[in-house]
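Scroll down for the structure; my scribbles are underneath it.
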Amino acid sequence: MTQSMMQRAVQHAVQHAVTKAVEKAVAVKAKKAARMDGENWKGDFHCLVSGYYTGITFRYIGIPFVIFMILCVFGTWIAGEPVYTLIFALFAVLFVILMQITRKRMQMIVYWDGGIMFLDRRENVIVQMPSSVLRQAVIKRSKIVIHCDGKKYTILRNIQDNEQAVREMLAFYGLS
């Protein structure tokens, strides 16, 4: 077994485990929302994630990387290398900003016959909308942009991440 095949196998196993954990957490929120909005909730619900795995990756890899960059800042400052000190400091700040952006993009999407609901990384409901808004959505290779109530909601598509789940959602609504 080559190293890339092994990496893919580990990535798939981790992705599967995280997906199951996310779906279990979303199930609780979805059932709660169903009780509050019973007349629009028909049939089973389905889940997918958008930007979740990228956000998790940056969260767990980012913290050690930023700590390493800060140690490099101190090391180069002590060594009297102001240019390298500045470069390492910029990398640390840039990576902290990147971590925040990816965490904000993490969303869980729950969909069913009558609607679609976006939840943030803490499983708080961002918006719940009728599924008919997907008929006017802009479907691109890298994302799906949904306009609802004057706001724009984006589902990120990633071939190594959630592409299959996005295709299943589009097929569920007859949009593929």
Side-chain angles (χ1 to χ4, degrees), residues 2 4-62 97-176:
T2 65
S4 65
M5 288 174 62
M6 194 149 165
Q7 286 174 339
R8 278 191 232 128
V10 170
Q11 180 184 13
H12 180 70
V14 169
Q15 178 181 345
H16 182 71
V18 170
T19 301
K20 290 300 175 193
V22 168
E23 286 177 358
K24 189 180 264 188
V26 169
V28 173
K29 278 286 188 187
K31 288 176 183 175
K32 186 177 179 182
R35 277 188 238 117
M36 293 172 20
D37 192 24
E39 71 275 356
N40 292 329
W41 193 278
K42 298 174 188 163
D44 294 330
F45 65 89
H46 308 276
C47 306
L48 71 96
V49 293
S50 173
Y52 193 82
Y53 303 111
T54 306
I56 289 293
T57 301
F58 272 98
R59 179 179 176 194
Y60 291 115
I61 292 175
I97 292 169
L98 191 57
M99 286 170 42
Q100 293 301 318
I101 290 170
T102 58
R103 289 179 73 195
K104 285 184 180 180
R105 287 186 170 181
M106 291 169 61
Q107 296 179 353
M108 294 170 267
I109 294 97
V110 180
Y111 60 96
W112 62 96
D113 285 338
I116 186 167
M117 179 171 47
F118 284 72
L119 294 99
D120 65 9
R121 62 181 158 60
R122 294 190 178 122
E123 299 162 21
N124 298 316
V125 177
I126 297 170
V127 66
Q128 185 173 338
M129 59 186 87
S131 58
S132 60
V133 298
L134 284 173
R135 304 261 181 247
Q136 291 83 31
V138 178
I139 301 172
K140 296 181 180 179
R141 182 178 214 145
S142 63
K143 61 186 172 183
I144 299 172
V145 180
I146 303 168
H147 295 279
C148 181
D149 296 331
K151 293 184 179 178
K152 180 174 84 169
Y153 302 95
T154 304
I155 300 173
L156 299 175
R157 298 174 78 170
N158 186 334
I159 193 88
Q160 298 175 347
D161 203 358
N162 66 350
E163 181 62 28
Q164 183 62 33
V166 171
R167 286 182 185 175
E168 288 172 9
M169 181 189 74
L170 293 175
F172 181 80
Y173 290 119
L175 298 172
S176 58

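Only this structure's heavy atoms are used, side chains among them; waters, hydrogens and symmetry mates stay out.
- Note that CG of Leu134 is 5.5 Å distant from CE of Met169, once rounded to the nearest 0.5 Å.
- Phe118 meets the ring pair (Phe, Tyr, Trp, His ring centres under 6.0 Å) test with Tyr153; sequence neighbours excluded.
- Separation of atoms CD (Gln107) and CG (Leu156) is listed at 7.5 Å; rounding is to 0.5 Å.
- Among residue pairs with one or both ends in residues 134-150, none qualify as side-chain hydrogen bond (donor to acceptor under 3.5 Å, both in side chains); sequence neighbours excluded.
- With sequence neighbours excluded, the residues satisfying salt bridge (Lys or Arg N to Asp or Glu O under 4.0 Å) with Glu163 are Arg157, Arg167.
- Taking every heavy atom of both residues into account, Ile126 and Leu119 meet most closely at CD1-C, 3.8 Å.
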**OP:** Could you check Met129 against Ile146 for side chain to side chain contact (heavy atoms under 4.5 Å, CB included), going step by step and ending with a plain yes or no?
**Re:** CA-CA 10 Å; Met129 59 186 87; Ile146 303 168; 3.7 Å; yes

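- Pairing each heavy atom of Ser131 with each of Asp113, the nearest pair is OG-O, 3.2 Å.
- Under the 3.5 Å distance criterion, the side-chain polar atoms of Tyr173 are left unmatched by any main-chain donor or acceptor of Glu168.
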